[in-house]
Q: 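Next up is a structure, given as structure tokens.
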Amino acid sequence: MTVSDELKKPGHPGPGSLKIAPSLLSADFGRLDEAIDAVKDEADWLHIDVMDAHFVPNLTIGPPVVASIRPYSDLFFDCHLMMTNPGEYLKEFARAGADGCTVHVEVGDTKWLLDEIKALGMRAGLAANPDTPFEALEPHLDDVDLVLCMTVFPGFGGQEFIGEVMNKVIKVSAALASRGSTIDIEVDGGISVDTAHVATAAGANVLVAGSAVFGEGSARARQAIELLRSAAC
Ligand code: DX5
Ligand code: ZN
């Protein structure tokens, strides 16, 4: 099996390897089964954006939808919780079939939330908005399976990549290297064939992409992932 074939395997690729995570946010919500089917052989993870209309000014998917789409694929379900009170819903996400939950450091209670995610058998991620400094993430680097550096202000797809965030990705990458840690560094927002290599050069290995994958419809999604994967290397 080639490296490329290994990366295409559904399931749970090992930490550190390049992963393309299509974001369902840009898919047709009336045809989520079709969208998942279109990416399931080519994607590494499926990114699921949970917005509560409070932490961000938008309202999207909750645990019932995660449970409904779970039977359509064995892809790793990477749930990005843009919520003020994620702790009240972690059990529900675990029951719905989430494989990983990422909470935002800006909501506080970080240690408890990360411990709870892991206690529920999920991988624990910690996200930071573009204007949240590396120093807010640093104390938690030994407690997480994934660090998410937002490359747009969360809430909506289709925004422009904020290149300045790469300074933070470089700091996270260096801090992890000095610990001998190979946990995932994810970037989310404005990832395209033009920006993917900028993010991987800074040290990111999980690329979330919404409009770049689903922007031209599910029929083009598979090819869009292939293009992103090539552009990232
Ligand atoms: C934005 C979400 C992203 C979004 C990215 O708040 O967290 O996951 O889907 O969309 P694109 O790739 O279109 O910037
Ligand atoms: Zn996201």
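Order of appearance sets the numbers: ligands from 1, and atoms from 1 within every ligand. Only heavy atoms go into these numbers, but all of them, side chains included; no hydrogens, no water, no symmetry mates.
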Q: Using 4.0 Å as the upper bound for N to carboxylate O, is an ion pair formed by Asp142 and Arg179?
A: yes
Q: Counting non-hydrogen protein atoms only, what is the nearest one to atom 12 (O) of ligand 1? Give residue, atom name and distance.
A: Gly210 N, 2.8 Å
Q: Under a 4.0 angstrom heavy-atom cut-off, which atoms of ligand 1 come close to His47?
A: 8 (O)
Q: Using heavy atoms and a 4.0 Å limit, tell me yes or no: is Ala212 in contact with ligand 1?
A: no
Q: If you count the atoms of ligand 1 from 1 in the order shown, which ones are under 4.0 Å from a heavy atom of Phe156?
A: 1 (C), 6 (O)
Q: Polar contacts were defined as any N/O atom of the residue lying under 3.5 Å from an N/O atom of the ligand; does this apply to Val152 and ligand 1?
A: no
Q: Identify, by name, the N, O or S atom of Asp49 lying closest to the Zn ion (ligand 2).
A: OD1
Q: Would you mind listing which atoms of ligand 1 come within a distance below 4.0 Å of any non-hydrogen atom of Met51?
A: 6 (O)
Q: Quick one: does ligand 1 sit under 4.0 Å from the side chain of Pro154, the backbone, both or neither, non-hydrogen atoms only?
A: both
Q: For the pair Arg70 and Asp99, find out whether any cationic side-chain nitrogen is under 4.0 Å from an anionic carboxylate oxygen.
A: yes
Q: Within the 4.0 Å heavy-atom shell around Met82, which atoms of ligand 1 are there?
A: 6 (O), 7 (O)
Q: Determine whether any heavy atom of Phe153 lies closer than 4.0 Å to an atom of ligand 1.
A: no
Q: Under 4.0 Å from a heavy atom of Val208: give me the atoms of ligand 1 that qualify, with their elements.
A: 8 (O)
Q: Tell me if a side-chain donor or acceptor on Ser23 pairs with a main-chain N or O of Ala209 at a distance below 3.5 Å.
A: no
Q: For Tyr72, I'd like to know if atom OH has over 12 heavy atoms of other residues, nucleotides or ligands within 6.0 Å.
A: no
Q: May I ask you to list the atoms of ligand 1 that are less than 4.0 angstrom from any heavy atom of Gly189?
A: 14 (O)
Q: Which class fits the ring pair His80 and His104: parallel under 30°, tilted 30 to 60°, perpendicular over 60°?
A: parallel
Q: For atom 10 (O) of ligand 1, grab the closest protein heavy atom and report residue, atom and distance to one decimal in Å.
A: Gly157 CA, 3.5 Å
Q: Can we say Lys171 and Glu138 salt-bridge, meaning some charged N sits less than 4.0 Å from an Asp/Glu carboxylate O?
A: no
Q: Below 4.0 angstrom from a heavy atom of Ser211, which ligand 1 atoms are there? Numbered from 1 as shown, please.
A: 11 (P), 12 (O), 13 (O)
Q: Please confirm whether Met150 comes within less than 3.5 Å of ligand 1 when only nitrogen or oxygen atoms on both sides are compared.
A: no
Q: Can you confirm, on distance only, whether ligand 1 has an N/O atom lying under 3.5 Å from any N/O atom belonging to Leu25?
A: no
Q: Specify the protein heavy atom at minimum distance from atom 3 (C) of ligand 1: its residue, its atom name, and the distance to 0.1 Å.
A: Asp188 OD1, 2.8 Å
Q: Would one find more than 12 heavy atoms of other residues, nucleotides or ligands at under 6.0 Å from atom CZ of Phe55?
A: yes
Q: Ion pair present between Arg123 and Asp78, side-chain N to carboxylate O less than 4.0 angstrom?
A: no
Q: Does a salt bridge link Lys40 with Asp33, judged by any charged N lying under 4.0 Å from a carboxylate O?
A: no
Q: May I ask you to decide if Met51's main-chain N or O and Thr60's side chain share a donor-acceptor pair within less than 3.5 Å?
A: yes
Q: Round to 10° and report the angle made at the Zn ion (ligand 2) by ND1 of His80 and OD2 of Asp188.
A: 90°
Q: In terms of atom number and element, which parts of ligand 1 are under 4.0 angstrom from non-hydrogen atoms of His80?
A: 7 (O)
